[in-house]
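Structure record follows, encoded as structure tokens.
FYI, side chains are in, hydrogens and waters are out, and symmetry mates aren't considered; it's all heavy atoms of this structure. In what follows, chains carry the letters A, B, and so on, assigned in the order in which the sequence lines appear, proteins first and then strands, with residues in each chain numbered from 1.
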2 protein chains.
Amino acid sequence: MNDDRLDALLAALAHRGRRRMLDLLMAAPGMSVKALASHFEMSRIGVLKHVDLLEAAELVVSRRRGRTRHLYFNPVPIQLLRDRWTTHYSAFFAERVVDVKARVEGRAREAEEHKSA
Amino acid sequence: MNDDRLDALLAALAHRGRRRMLDLLMAAPGMSVKALASHFEMSRIGVLKHVDLLEAAELVVSRRRGRTRHLYFNPVPIQLLRDRWTTHYSAFFAERVVDVKARVEGRAREAEEHKSA
DNA sequence: CCGATTGGTAACTTCCTGGTTACCCATGAA
DNA sequence: TTCATGGGTAACCAGGAAGTTACCAATCGG
């Protein structure tokens with residue numbers, strides 16, 4: 001997962017409507033574009049563009065049969081992202097911090113002590 | 001974590017430079033804005049805007065001491081997001097699918113059988 | 001073949017994002 | 001007090017994202 005794919009993935013997910021599309025496709029795999037669009041206020045073309053964007057981010061896979069394009073949610077990128085973050089932020093995840101304020105002030109104090117030392 | 005916060009969080013993360021800022025703050029907690037900006041080509045004000053955006057998404061916490069503003073990475077939103085996804089996509093995560101193509105075609109076949117039934 | 005259905009492209013508008021420069025405020029040190 | 005330093009606001013610009021309407025292409029059923 002390079003930075004370009006990561007950008008595309010996160011940008012794709014940073015949109016309420018698109019996340020809802022994924023949920024719909026999770027619930028009903030193989031929907032057509034038109035069927036999907038029926039759940040939104042937006043025009044069909046608007047939905048189509050979002051679908052294309054999701055497919056570019058590999059969050060959606062589509063297969064045509066005849067004149068209909070069947071859409072499927074693909075969870076793999078999210079799995080990859082989750083795994084990556086779990087390792088990348090492991091030091092912090094281990095802490096399982098709740099009281100942010102206390103920790104931040106603790107670090108500020110440390111820095112202050114370090115400076116004056 | 002409501003949809004607004006989720007939008008802000010994902011949008012904040014969907015930018016290479018901002019992710020790098022988080023990494024820098026992870027490595028050196030308490031950096032000033034100026035120190036952070038020194039790692040980028042961009043103007044100081046450009047960096048400042050990104051910092052403000054990160055703080056709005058609660059990925060960064062800042063405390064002023066004197067005239068300097070000290071910045072700290074806050075992992076909590078990422079933890080929350082990870083936990084949420086783990087449950088939300090649990091059905092798919094359990095599968096641990098590798099061969100997407102096979103699965104997709106399997107579903108397509110099911111749909112076809114269902115249709116012709 | 002003919003018409004309805006599904007999908008897609010093209011062109012356009014609107015608004016937001018990412019970045020800039022210019023300028024101002026507050027603070028710490030000599 | 002003076003002035004260099006760190007921080008911040010305002011105004012602006014270019015480009016991309018999100019959405020629209022109008023139109024075209026392919027396919028399936030009668």
Going by the rule side-chain hydrogen bond (donor to acceptor under 3.5 Å, both in side chains), which residues pair with [X] if we only count those two or more places apart in sequence or in a different chain?
{"X": "A:D52", "result": "A:R69"}
{"X": "B:T86", "result": "A:R82"}
{"X": "A:D4", "result": "B:R16"}
{"X": "A:E58", "result": "A:R5"}

[X]: partners by side chain to side chain contact (heavy atoms under 4.5 Å, CB included), with sequence neighbours left out:
{"X": "A:A35", "result": "A:M31, A:S32"}
{"X": "A:I45", "result": "A:S43"}
{"X": "A:A11", "result": "B:A14"}

According to salt bridge (charged side-chain N to carboxylate O under 4.0 Å, His left out), does anything in residues 21-31 of chain A pair up with another residue at least two apart or in another chain? List the pairs.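 Applying salt bridge (charged side-chain N to carboxylate O under 4.0 Å, His left out) to every pair that reaches into residues 21-31 of chain A, excluding sequence neighbours, yields nothing.
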Using a cut-off of under 3.5 Å, enumerate the N/O to N/O pairs linking the protein to nucleotides 6-13 of chain C.
| from | atom 1 | to | atom 2 | distance (Å) |
| --- | --- | --- | --- | --- |
| C:dT6 | OP2 | A:K34 | NZ | 3.3 |
| C:dG7 | OP1 | A:V33 | N | 3.2 |
| C:dG7 | OP1 | A:R69 | N | 3.4 |
| C:dG7 | OP2 | A:K34 | N | 2.9 |
| C:dG7 | N7 | A:R44 | NH1 | 3.2 |
| C:dG8 | OP1 | A:R64 | NH1 | 3.3 |
| C:dG8 | OP1 | A:R69 | NH1 | 3.3 |
| C:dG8 | OP2 | A:R69 | NH1 | 2.9 |
| C:dG8 | N7 | A:R44 | NH1 | 3.2 |
| C:dG8 | N7 | A:R44 | NH2 | 3.3 |
| C:dG8 | O6 | A:R44 | NH2 | 2.9 |

side-chain contact (heavy atoms from CB on, under 4.5 Å) partner of A:L54, the single match among A:L22, A:L9, A:V61: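 The side-chain contact (heavy atoms from CB on, under 4.5 Å) with A:L54 is passed solely by A:L22 among A:L22, A:L9, A:V61.
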Sequence neighbours excluded, every pair satisfying ring-ring contact (aromatic ring centres under 6.0 Å, His included) that has a member inside residues 4-62 of chain A: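 ring-ring contact (aromatic ring centres under 6.0 Å, His included) check on residues 4-62 of chain A returns A:H15-A:H50.
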Pull out every residue in residues 10-24 of chain B that has a heavy atom closer than 4.0 Å to any atom of DNA chain C, ordered by number, or say none. B:H15, B:R18
Between B:H50 and C:dT17, is there a contact of a side-chain N or O with OP1 or OP2 at under 4.0 Å? no
Where chain B begins and ends its contact with DNA chain D, read 5' to 3' at 4.0 Å from heavy atoms: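 Range of nucleotides touched by chain B: D:dA4 to D:dA11.
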On DNA chain D, check which nucleotide each of A:E41 and A:G66 is closest to and give me the residue with the more 5' one.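 Closer to the 5' end of DNA chain D: A:E41.
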